[in-house]
Amino acid sequence: MSNPSYQKPRGFEDILPDDVGVWQEIESTVHDLYPKFGYREIRVPHIEHTELFVRSIGEATDIVEKEMFTFKKGDEQSLSLRPEITASLCRSVIENHLRKQEPFQKLYYVGPCFRYEKPQKGRLRQFHQIGVEAIGADDPLLDLETIDLFVRTLHRTGVSNFTVHLNTMGCQDCRPVYRDHLKDHIEPRLDGLCENCQDRFHRNLFRVLDCKRESCQSTLGDVPPIYEDLCAPCSDHWSAVRNRAKDLRVDVKEDPRLVRGLDYYTRTVYEMRSGDLGAQNALGGGGRYNGLMEELGGEPAGGIGFGIGVERLILARNEQEDADPETDNPLLYLVSVDEECHEEAYSLASHLRRKDFAVDLNYEDRSLKSQMRVANRSGAPLVGILGPDEIEQDEITIKTMSSGEEKRVRRDNLEDHLSSVARS
Ligand code: AMP
């Protein structure tokens, strides 16, 4: 095959018809499950003012420093493709005064995000996130509810080999105390850390804990946890979350190294990691962001949410089981002996589709033999053959593809026949 003149940019993927079924299945799980937890869908733009992300995610983060697709048109303010969705969603809640109607907002989203990262397995420049945000409450049980919903999403979409990593980041009051303790722990080990960590030590200390390199992780040794440094309200919140975490009935690991890469997190943070995905093993993560609404110009409000990476979810379910994604094959594929029969096949297909049967038919001017080949490739369990004799007798020949058996079915019995095959 010759090289195509145009190819998609690196890190961007087509989702082809053969693969789209899995996406639809996951999306319908979300649309079914999330409203049962009280979340309502929201759709926000894929582009926002750059300043929104700088303000919320934080200036000294990888996302803002290196990964945003940013552009400027004329005299207008700089714009960026969204690298995540929480900030856009908070902006929308504030701008549209949603909390005036209902102070406690539970919202969910599904959509693309964009980050200029080095593409590899599980890491793209356009990827998709499923997420929720619950804004307007501080209750630690709400933190657990979001973890529960995340876990249920994984189970319902066929992912079972994962661990929940859980930590707390404290708040503006107690985090500086911890920062100093952490600094004291890392400083003497600085020479053993990679260049990136050395840089992060000065610019964004907590991110040193995030480094994926084995050598850095062993140099860091036993990182002191934040627990002793928490202020009383953060400590109570943390106790409530960790004590109830066992009710989730999944593998929960308290992990002092979990800090998450965004500046806005306070108190609870969590990340679900797959046992099957290698380096890019985070299926998604979330946490509390009690200062974010105020930071973006809204009334102060507690908030918590998560984002799940859809591509990684799909990878994890494929890695761990021979997933049998529901296909969207037709139930019946119609082939016809000549042009006149083709018109009859078209009418029959229209009639059956109105009755909600999945039917496809051949439109190419082909021999019966090659039509049968296409029918076979379509994956339809039944093929209907229409020739002049069938039309004359008001019948259709139905071939069951699994057994090769052929039989004539009267047209007025056809719908019953299709229904019984669809049910089996
Ligand atoms: P983050 O907010 O960076 O923790 O992202 C949340 C989730 O989105 C991650 O755990 C991944 O599942 C997914 N994700 C983030 N960045 C990418 C990327 N570049 N490619 C694919 N998935 C990503």
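Every number for a ligand or one of its atoms is a count from 1 in the order of the listing.
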Residues, nucleotides or ligands: over 12 heavy atoms within 6.0 Å of Asp32 CG
yes

Ile385 side chain reached by Gln371 side chain, heavy atoms, under 4.5 Å:
no

Rounded distance [0.5 Å steps], CG in Leu149 versus OH in Tyr39
6.0 Å

Mind checking what residues have non-hydrogen atoms under 4.0 angstrom from ligand 1?
Arg115, Glu117, Gly122, Arg123, Leu124, Phe127, Gln129, Arg260, Ala282, Leu283, Gly284, Gly307, Gly309, Arg312

Kindly indicate, with the supporting measurements, whether the criterion ring-ring contact (aromatic ring centres under 6.0 Å, His included) is fulfilled by Tyr34 and Tyr108.
CA-CA 7 Å; Tyr34 286 35; Tyr108 80 92; 5.4 Å; yes

Audit row: Arg115, Glu84, side chain to side chain contact (heavy atoms under 4.5 Å, CB included) steps and yes/no
CA-CA 9 Å; Arg115 293 185 195 173; Glu84 55 106 53; 3.9 Å; yes

Applying the salt bridge (charged side-chain N to carboxylate O under 4.0 Å, His left out) criterion to Glu117, which one of Arg123, Lys66, Arg125 satisfies it?
Arg123

